[in-house]
Visitor: 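The structure that follows is given in the form of structure tokens.
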Amino acid sequence: MQDNKISILLVEDDEVDVMNIQRAFKKNHITNPVHVAGNGLEALAMLRGLDGREKLTPAPKIILLDINMPKMNGIEFLTELRTDPELRAISVFVLTTSDEEKDRVAAYDMNVAGYILKPVEPGKFMEAVKTLDVFWSLIELP
Amino acid sequence: MNTHSHSPLKNWQFILLLMLAFFITTFAAAWHISQLQSRLIESTAVKNARSFSDALTEFRTLYTSEVVTTAKQHGLEITHDYATKENAIPLPATLSMLLGEKIGEHASGSKTMLYSPYPFPWRQETGGLRDQFMQQAWKFFSQNPDKPFYRFTERDGREYLRYATADVMRPACIQCHNSHPDTPKNNWKTGDLRGVLEVDFPLDQVIAQTQADQKETIAIFIAIGLLGIIGIGFVTSKLRHTSVELQQRVQERTAELVDKAAALERINQELDQYAYVVSHDLKAPLRAIANLSEWIEEDIADNLTDDTRKQMTLLRGRVARMGDLINGILQYSRIGRIDNEVESVDVNELLQEIIAGLAVPEGFVIDIAPDMPVFETARVPLSQVFANLLSNAIKYHHQPEQGHVKVNVREVDGEFYEFSVHDDGPGIAPEYHEKMFGIFQTLNARDKVESTGVGLSIVKKIVEIQGGKIILESAEGEGSTFRFSVPKTTSN
């Protein structure tokens with residue numbers, strides 16, 4: 001991605017998955033700043049600067065979101081996000097193991113930009129991140 | 001539940017009908033018996049009258065031949081007014097009448113009459129054809145002298161049998177009748193109808209007797225009727241009691257069954273949910289193992305030996321297999337959790353699509369019978385079944401470059417389509433047929449042919465959920481035929 005100022009918020013509770021994405025970014029030379037939140041509540045706190053957390057500035061324009069998380073899961077987070085006038089425009093990509101129809105439908109109801117299944121094989125995920133990078137460089141984010 | 005409100009009404013109708021039938025039968029029987037009795041009265045009366053009349057006739061004949069003839073030879077006079085003359089005896093007819101009268105005095109008012117259109121002068125008053133019956137009798141006997149003529153009539157409030165027989169001129173009488181000074185007719189011939197002998201029998205006694213009998217019979221019938229009604233009532237109440245009991249028991253059993261079915265469904269759903277959650281939760285650490293192992297390999301790439309590199313490859317191979325297995329469980333648990341839409345499916349088209357999506361080796365032939373149906377069914381499950389069976393046929397074929405698969409269809413019982421997928425592959429020994437459909441069952445070592453053993457279990461589950469059956473016909477070296485049935489109309 002050309003514009004290095006655009007920051008990305010990764011909402012993911014699995015440490016290895018976080019590592020996975022960071023590694024994939026590194027390999028694809030994606031140098032944008034990546035912030036990590038362990039669940040939906042933490043992510044909201046970071047976006048709004050609550051609970052003694054520093055508000056992320058500039059606000060991330062892209063969120064990579066896991067569905068199955070403790071405390072506040074991805075769908076609940078999305079619901080909250082879309083009702084917040086300041087945050088509703090953020091582009092959200094769901095990254096999940098759940099290929100259940102109801103999760104997919106719920107996510108698209110919340111206007112997600114993409115729904116990506118985490119594959120078991122590492123190579124495939126690399127491909128996905130590469131594609132995402134190409135996609136991000138093509139489109140004009142708000 | 002409708003039957004609840006209807007059944008008592010129906011019961012009552014049934015009972016009413018039964019009672020009605022019972023009464024009708026009883027009355028019909030009683031009526032029939034009374035008919036029989038009145039016929040019996042008549043026949044008894046006729047019989048009595050005949051024997052009386054026969055006796056009189058016999059007596060007269062005997063008197064004529066045995067007494068009158070001898071008396072005449074001895075110079076006695078034979079006359080109707082024998083009582084006022086000396087050396088006179090009565091005429092046969094006179095004596096017969098007298099006898100009849102005497103008997104009648106004893107026997108309940110029976111009367112004897114002898115008459116004809118030719119009465120002797122002294123009987124001008126009593127001996128003619130004085131009423132309709134007498135005239136009819138005379139007319140009847142001029143045609144049928146051998147038969148009796150009788151009628152049942154009423155006189156002075158009593159019922160009578162009027163029984164008449166023909167009095168024919170006999171040889172013993174003819175001379176006297178033709179020569180008697182007072183005879184009304186002197187050209188009698190033997191066999192001429194001389195007169196009519198009528199016996200009148202009152203029926204009172206016979207009727208009284210039979211009526212008494214009838215009363216008894218009717219009493220018996222009433223008793224039977226009452227017993228019958230009581231019996232019907234008893235049986236009905238017993239039946240109703242039993243039916244109420246049965247109904248209750250059926251309801252209880254149904255409730256139990258419904259409960260059990262619900263419990264079973266819940267358990268099944270829980271099991272599917274469990275399989276789903278478990279496989280999801282298993283996937284996360286599996287992915288972590290795959291990732292971490294790869295990163296380790298990348299990070300220490302320079303220090304790896306060929307052995308450790310091979311081991312890392314094997315490790316990831318196993319991780320991938322576990323991923324497949326978990327996906328298999330997921331697929332298996334998903335069947336039936338998802339409602340599939342029923343639509344019109346052109347099976348031939350469906351098969352072409354599936355085959356296009358399979359990696360069919362060069363030289364491998366798949367024949368589809370021309371009579372594939374178009375019918376209403378769920379497209380996705382049918383497609384899954386065919387795809388599994390066809391890909392198995394290719395995957396496990398010993399000579400893929402010249403394999404041959406045939407897909408056929410036939411109708412069964414008018415309710416099912418039975419599709420068959422026949423291959424000329426290596427075949428499966430009968431002892432493994434049952435096992436083939438179990439989950440995670442494979443015949444080959446997993447390293448030889450990479451397979452999870454989920455496919456056929458999925459196929460079986462799909463077919464059975466749709467209400468069909470699947471069977472395998474195969475033997476080693478003879479290829480395999482999978483036959484599965486799909487209902488022609490799917491309610492989903």
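Below, chains carry the letters A, B, ... as their sequence lines are ordered, and counting in each starts from 1. Small disclaimer: the values here were computed from a predicted structure and weren't measured. Hydrogens, waters and symmetry mates play no part in the numbers below; they use all other heavy atoms, side chains included.
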Visitor: Tell me whether the count of non-hydrogen atoms from other residues, nucleotides or ligands lying under 6.0 Å of CD in A/E15 goes above 12.
Guide: no
Visitor: Is there a side-chain contact between B/R287 and A/D17 in this structure, where contact means two heavy atoms from C-beta onward sitting under 4.5 Å apart?
Guide: yes
Visitor: Answer yes or no: is there an ion pair linking B/E294 with A/R23, defined by an N-O contact shorter than 4.0 Å?
Guide: no
Visitor: Which heavy atom in B/A284 sits nearest to a heavy atom in A/D14, and how many Å separate them?
Guide: CB-OD2, 4.3 Å
Visitor: Around atom CG of B/D299, are there more than 12 heavy atoms from other residues, nucleotides or ligands closer than 6.0 Å?
Guide: yes
Visitor: Within a reach of under 6.0 Å around CD of B/E401, are more than 12 heavy atoms found that belong to other residues, nucleotides or ligands?
Guide: yes
Visitor: How long is the span from the CG atom in A/L117 to the NZ atom in B/K283, to the nearest 0.5 Å?
Guide: 7.0 Å
Visitor: Quick check on B/E270: does its CD atom have over 12 non-hydrogen neighbours (other residues, nucleotides or ligands) under 6.0 Å away?
Guide: yes
